[in-house]
Every structure is written in structure tokens, then in C-alpha cells.
Amino acid sequence: MGITIGKFLEKPYLSICLLFLITSVSITSYVYSLLKPKDNSISEYYLSENADYFVGDIPADDSGQIDFQKMHKVYWLSSSGWINDEEFKRITDSEYIWLRSKSFSTIENEELHFLLEHAGLNIEIFNEFGESIFKYGEFKDTQYLPNIFQSKFSWVKIPKDKSQYYYLRLFHKKGILFSITIIDNLIGKQTALYREIALKNLTTIFFHSFFMMIGIICALVYFIEYKKQYNILLDFSSFSLCFGILGLTSNEFIRYLFTNTQTLYVLSIISANFVFIPMLSGVRRLFGSGSFKALDYLIYIDVFICSLTTILVFSLPFSDISHSFLISTRSFFILFNLINILGPIFITYEAWKKGSKEALGHFIGFSITLFLVILEIFLAIKYNDTSPSGIVFWGVLFGVISQGFALERTLFNDRQKALLYKEDLLKAEKTLKESQLKTLQTKMNPHYLFNSLNTIHALHKIKPELIGDAIMSLANNYRFISDRTDRDWIPFEEEWNFLEDYLHLQKLRFYDTIQIDFKKTGDFSSVILPPLLLQPIIENSFKHGFRSTSAVQFQLFIHAKMIKDSVFSFVVYDNGTGISDDLLSDKQKLMSRSLGNIKERLKNLYTDFSFEITKNYPEGTRTEIEIILTSKVQISS
């Protein structure tokens, strides 16, 4: 039962169920918001959209009143559709603009309001009888005007009269853009209207917050796993962040709730201008730059134009040149947005033709994006709304989705490659370990056998009664080498018994010229070690320490000790020749000797260990190993 539960938790079933639940609730909520019974207290109303306009001011009479009879004689121009650049500049170059809009005529006994957003201007609204129904600011000095970065929100109460038109008198700084609109084009009771605006924007706010969080999480993952250089993850992070910030900062309800609208405007401009760059960079990483390095040049052009546009927009309150330039280049920027979609379409189509399966999904996604962008441009021209955020909003949605899927597939493929690489690495480590053992065996067999046979031959002359013990020790050693060294791990006692037989032969070889202190301290019943880990350390003393020394009596100290429950210590020191200072200071040369193999084996087998070779005072060499046994590396067979 426990195994079954564990296997279930290893699969992503719970996360899939939670994701499905959240998605289902979100979709259901959105569908309900579209199909729910209509609130009869709320209606649609358009104040400034498709209104008639008059450039200039209508002066007041001697009593300070505006003669609205003259308003009927004024030739009103229609703002419906695309306004050409010259006319658009004429509008913004006049400090005064008048708008005439049809009144809301279905008022009964309710007190109806609408939420008006306005920036960069002062405004007064009249009915056709000349009565002021709303006023914001004064119409005297432009220095007291709010700038275009400061959105203002005002609740306007609709009068109960028989007026057929409302007249809007707009006062703004000459040569500077301004904006005025009803939030969501809704009119109704103030409390019901507030609730409706909040509900209408809730899904959008959640949606863009979701992408903003994805961007933040991806950025954190990138910097946490910085060494792995998931650069496409950083592209996707920047893309998602720009998209999320763009949607939130351009949301009317967020602007209404947020007191510092200037910050929102700045973030909106930056994200709108630069949102395409990480998208293009991500496509380039996935599919290359295409023929003639098309995507490379497009990205560089994007960086230049978007930086220039951002500077121009931020200089609008201070520079008439910026204003004129942006107006005259409106058509260019619409075309430029189209090119930013056509570029990835061209690259993904090329990659698909060359055999990339992932490119087909991108090609379809970006083609749908192009259609949506063209649709948005058409609506913008029809309703005279050319804000970049409106165009970008639809254009980046499928870019986020398609690039997200590609990112997931890329990371999945990288993970699969990493797993295969890890398996190969583990196999290589195992092969290396086996090769090292074989090397030790190869080195030990002829040398050790030659010395042992010489020892037995010498005993034949001086101590024939010891020949039997020597042959038995030699047989035990070779039985250990042939039967145990093909294992990954053996009990400590088996390794210790092997060392005991090895030392017995060495005692017979050196006869009474060597004194060996061979002991162990602690409980080793649960200790396992790789075979032939300790013998080369002891052999080093016989091979190097006792070969050219002039000492009358050789001394060798060997001590195995358990410190606490999981720390294994093994110390060997002698009174032999010792190691020169030059060799001790040259670690690479020192480890090129037989002891270097021991350290490499320890690296492959344990994550926490120490291996030290030092001088033994007053003379000789000291070698010490300390291993945290619980840090053993798990190597698959």
C-alpha cells in the first residue's frame, strides 16, 4: 500500500487536478460573466467616441454665459474613423476643443453616473440648455493642467432633463496629446456600476497577474540555476513580465485604484515598447536567425526604435517636436508592429520546412497572432484608437502561449539529455572505478608475487618452519584479490583480514628489522568499504619509505578507528625516508604516485572525506584518511 501511494505521489496527478480545477473555475466564471442576466440598472453609453468635434473655443457673452444657440450654427466635424495626421495635429495645436455627444435619453427615476477618466486636460460638460453638469479644473492658465501621465477619475452624475446633446469643452496645453473616455463605456447606479466594472476587469487582472508571476518564477529559476545557462528561460521570463505588466498597467480599474498613475503609465510605455524583443530573442534561440540573418537585424532595429520611442513619449510634456514626430509616424509604428509578427512567421516557416516539428506549432500560433493584430488595427482605425497597448495586447497573447509550450518542450528535452548524460557519467564512473581496481591488481600481482616468492625462498634457508605460514598468507591474499575485488563494497573485516595476511608476509620478508603496530578501535560491524582501498597506503611505506633508509629498525604504525557512529579514520605513518618539501608542495606530482589513485577513488565514492599526506616527525611519512560513511555516493549498477 505504501509503495502504491509513493508511486502515485511521484506522478504529477495532484498538480494536474489542481490546474484543471483552477482552469475550469476560471473559464466557468468568465463564461458566466458573459451570459449572466443583464443588470437593467446598467447600460452602455459612449460620450467621446464617435462624437462630433469643433476646433477652437466659443467665447462667452458679456454675462459670462456661452450662447448655445450659436452651437447649432457651428459646423461640427465627425471624429468617427481614421483622422489624418494634419487634422490630428490641428486638433492638438488648439488649446480649446469642443465635443458634441448625444445624451443618454432613457433616464427614469434613477440617479445614474458614469466614471470618467481624463488626462492632460481640464473639462466642463454642459447640456444643450447651457447648464454645467460637470466641471474639472480651470480654463485660464495651462500651467495648472495635469500632464498626460496623470490620469484623473471623476464620477459624473447624469442630469434628468430633456437635453438631446451634451457639449464638452476641453482645455489642454497646446501641442500636447490628451485623453478622455468613460470607463468600460458603462452608465448606471454608482454602487452597481462600481461592482460591474470590478467584475468585468477581474478576469483580465487575474490573467495578467498569472503571467507576471510566471515571469518572476522563471527569472528566479534562471538565477538559481545560473550555471546551467537557461537563456531561453530568461527570454520567456522577460516576455511574460512585459505582457503581464502591460495588461495590468493599462487596465482601467487598476489605474482607478492606484494612486500613483504616473508610475503605471511609465511601466505601460516601457512594457508596450519592449515586449516584442524577448519574444524575438526566444524565437531566435529556438530556430536561429533565418535567411540573411533576418531575425538578428529585426531585433537590433527593435532595440533602436523602441528605445527612441520610449524617449520621445517621456519627453511629450516638454517637447512639441516629440509630439509632432509621433503623430506623423503613427502609420509607421502600426506597420512596424506587423513586421514584428511577420519576422517570427518567416523564421518558423523556414525551420518547419527544414524538418523542425516544434516550428509548425509556432508558425500556426504566430499566424493567428498576425490575424489578431490586423483585426486590432482595423478596430483601432474604425474607432480612432491607435494606442500601442491595444495592438500589442492581442498580438502577444499567442506569442506567450506558443513560446511557453516551446520552452517546456526545450527544457524537457534538456532534462532528458541531462538524465542520459548522468546515466552515462555514472556508467563511466563505475568503469573508471573498475579500471582503477584492475590497475591496482595488475600493479600488485607481479610485484607482490615476486617479493613473496623471494621471501619464501629465503625462509627455505633460514626459517623453513615458517614456509607454511607464508604460503597460506600468500594464498589468502590472492584468494581475496580474485574473489572480492570485483565487488563494489565489502565488509571492513574482510579488508582488515587481507591487510593482516599482507603484513604477515612483509614481516617474514623484513624479518626482525621491522616493528609493526597494527590495531583497530571501535565497532566496525556495520562498516563497508570498497576493496583494496587501504592496502596501497601501507604498500607505499614498504615501496618508498623503507627502500633507501638507513634506519636500523623500521617502524610502521597502522590504526583504524571509528569516531562516533559514521566517521571512519585510518592512519598510517612510518619512520622511513619521508617526503621532500618540494614533493609536498607539488600536489599534482605527489598525487601522480600510487596514492593519487586512492584520492580519485574516494572522490567517486564519497562526497565528504579528507585525505592528507604529511611529514611524520621526527622522520618518515604520515598518511591519514577520514571518511563520513553516510556521504556515500549512490552509483547505479
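Just so you know, these numbers come straight off a predicted model, no measurement behind them. Note that these values count all heavy atoms, side chains included, but never hydrogens, waters or copies made by symmetry.
No donor-acceptor pair under 3.5 Å is formed between the side chain of D574 and the backbone N or O of L556. Counting only distance, with no hydrogens or angles, the side chain of E495 and the backbone of L529 share no donor-acceptor pair below 3.5 Å. Of the possible polar contacts, none joining the D302 side chain to the I277 backbone as a donor-acceptor pair under 3.5 Å is found. Of the possible polar contacts, none joining the Q515 side chain to the F554 backbone as a donor-acceptor pair under 3.5 Å is found. Put simply, the side chain of T249 gets close to the backbone of I245: a donor and an acceptor are under 3.5 Å apart.
In summary, E500 and K520 do not engage in a salt bridge, as defined by a charged side-chain N under 4.0 Å from a carboxylate O.
For the residue pair S209 and L248, the shortest heavy atom distance occurs at OG-CD2, 3.7 Å.
W352 and F363 have parallel rings, their planes meeting at less than 30° on a 0 to 90° scale where 60° marks the start of perpendicular.
A search for ring-ring contact (aromatic ring centres under 6.0 Å, His included) contacts involving F518 returns W496, not counting sequence neighbours. Partners of Y573 under the ring-ring contact (aromatic ring centres under 6.0 Å, His included) rule, at least two apart in sequence or in another chain, are F557. Under the ring-ring contact (aromatic ring centres under 6.0 Å, His included) criterion, F274 pairs with no residue at all, not counting sequence neighbours.
When the shell of 6.0 Å around NZ of K561 is examined, it contains 12 or fewer heavy atoms from other residues, nucleotides or ligands. Counted within 6.0 Å of OH on Y349, heavy atoms from surrounding residues, nucleotides or ligands total 12 or fewer; the atom is thus considered open.
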